[in-house]
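For clarity, every value in this text was computed on a predicted model and none was experimentally measured. These values consider heavy atoms only, across backbone and side chains, with no hydrogens, waters or symmetry-generated copies. Every chain is numbered from 1 and lettered A, B, ... according to where its sequence line falls, protein lines coming before strand lines.
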Protein chains: 2
Amino acid sequence: MTTSDERPPSAEKSRKAAGEVNPLDRIVGFQLRRAQLKTFNELIRLFDKLDLKPPQFAVLKVLETHPGINQTRAAKMLAIKRTNFVTLVDGLEQRGLAERRVSAKDRRGRPLFLTEAGTKLMAKAGSIQAKHERDLMHRLGGAEELETFLRLLHRLIAGTNADE
Amino acid sequence: MTTSDERPPSAEKSRKAAGEVNPLDRIVGFQLRRAQLKTFNELIRLFDKLDLKPPQFAVLKVLETHPGINQTRAAKMLAIKRTNFVTLVDGLEQRGLAERRVSAKDRRGRPLFLTEAGTKLMAKAGSIQAKHERDLMHRLGGAEELETFLRLLHRLIAGTNADE
DNA sequence: TATTGTTATACTCTATAACTATA
DNA sequence: TATAGTTATAGAGTATAACAATA
């Protein structure tokens, strides 16, 4: 990604580098896919030293703002299946970043909490992610464009029932 | 569900329906993921009767606009790996929608073409996809918003070397 | 030596069904 | 009966390494 070759801005070369005329460029779904893959890959690299990936960060983020949330609701927020969420939490619990407790009210539930280590890690991860977000904002053109972008994304998502 | 705290049912339901406060709502990457998943799932359902999925449609679309393109360039346009592209084309070739020929110039290459059946299928698939695209445009708010959205997406993608 | 297409393979993601223990 | 969590498992999707044929 940091290949800083000298690149003359000739139309010929920039066209080739950009992947040519590409009929997929004007199809919303495919552009969404590319943008999503790129932002995730960027975040993966930024989280590299924390041994954290975007989905794991997302779980911790939800626990941070919703301590004691149960797994069904958390999985819905993350738009992943309850069943796949289990493995995710297993990993975080084994690393001592999150913990499942037992609810007194409903003994079926396993309310989720960040551990102290999880809270500490989130301090670092959160600032890394926030920095990335600012980078994205700048690439979009500024604060106003970011708002516009989020609003448009939300219009596409609206009416979604997350998962399941 | 009748236990726990006393809470007005209206607030309870709207909170649940809206997916709650969700700290992921303002993180670009995760909103991108949700929007991408949703548009793809919509397209999958629309293509249902054609037994076609978005990646397959994308390949056929590239062959339609770039007849004779080689696999390396096509894979780059699709932002997937050459190696995974092989399986994709295998499937399309077995269904008689695309074909690999042999190049006289460079006998390593296998220039790709739509078959007649492939062209016919693309007539249907293309109009389905175009209709979906118009639907997305309306949800975004109109033609102007679509342009804005694509422009912003492109700003995030810019500088990407696709894949590999 | 580099490139095109390919096979084999592994690893991650995601999806479905069925089970348990509670309610 | 329904719900929260879980297990097992299958299927996509995606990744790397290595090879043959050709340039």
| query | Quick one: on DNA chain D, does Ile69(A) or Leu37(A) contact a more 5' nucleotide (nearest heavy atom)? | reply | Ile69(A)
| said: Is it the case that dT22(D) (base atoms only) and Arg107(B) (side chain only) share a donor and an acceptor within less than 3.5 Å, ignoring hydrogens and angles? | reply: no
| query | Rounded to the nearest Å, what distance is computed from the CG atom of residue Asp106(B) to the P atom of nucleotide dA2(C)? | reply | 17 Å
| message | Any base atoms under 4.0 Å from Asn84(A), or only sugar-phosphate, or nothing? Heavy atoms, all strands. | response | base
| message | Please confirm whether the shortest side-chain N or O distance from Arg108(B) to OP1 or OP2 of dA2(C) is below 4.0 Å. | response | no
| said: Side chain of Arg100(B), heavy atoms from C-beta onward: which of dT6(C), dT22(D), dG13(D) has the nearest atom to it? | reply: dT6(C)
| message | Rounding to an integer number of Å, can you tell me how far Ile44(A) CD1 sits from dT12(C) P? | response | 12 Å
| Which whole-number value in Å describes the distance from Leu78(B) CG to dG13(D) P? | 13 Å
| query | In whole angstroms, how far is the P atom of dT3(D) from the NZ atom of Lys76(A)? | reply | 10 Å
| said: Using OP1 and OP2 only, check whether a side-chain N or O of Arg82(A) sits under 4.0 Å from dT3(D). | reply: no
| task | Rounded to the nearest angstrom, tell me the gap between atom CD1 in Ile80(A) and atom C1' in dG5(D). | result | 14 Å
| task | Measure from the side-chain N and O atoms of Arg139(A) to the backbone N and O of Leu156(B), and report whether any donor-acceptor pair falls under 3.5 Å. | result | yes
| field | Nucleotide of dT14(D), dA23(D), dT6(C) approaching Gln71(B) most closely (side-chain heavy atoms) | value | dT6(C)
| said: In whole Å, I'd like the distance from the NZ atom of Lys38(A) to the C1' atom of dT14(D). | reply: 19 Å
| task | Grab the CG-P distance between Asp90(A) and dA8(D) for me, whole Å please. | result | 11 Å
| query | In Å and rounded to the nearest 0.5 Å, what is the CE to CD distance from Met137(B) to Glu147(B)? | reply | 9.5 Å
| message | Quick check: on DNA chain C, is the nucleotide nearest Ser103(A) upstream (toward 5') of the one nearest Pro55(A), or the reverse? Name the residue that is more 5'. | response | Pro55(A)
| Does Thr115(B) use its side chain to pair, donor to acceptor, with the backbone of Gly96(B) at less than 3.5 Å? | yes
| Check: Phe47(A) ring centre within less than 6.0 Å of Phe40(A) ring centre | no
| request: Would you mind checking if Glu99(A) and Arg101(A) are paired as a salt bridge, meaning a charged N to carboxylate O distance below 4.0 Å? | output: yes
| Nearest-Å distance for atom pair CZ/P, residues Phe85(A) and dA15(C) | 16 Å
| said: Just to be sure I understand the rule, does Arg101(B) reach a base, reach only the sugar-phosphate, or reach nothing, if contact means heavy atoms closer than 4.0 Å? | reply: nothing
| task | Name the closest nucleotide to the Lys53(A) side chain, picking from dA23(C), dC13(C), dT6(C). | result | dC13(C)
| task | Mark yes or no for a side-chain to base donor-acceptor pair under 3.5 Å between Thr83(A) and dT16(C), with no hydrogen or angle criteria applied. | result | yes
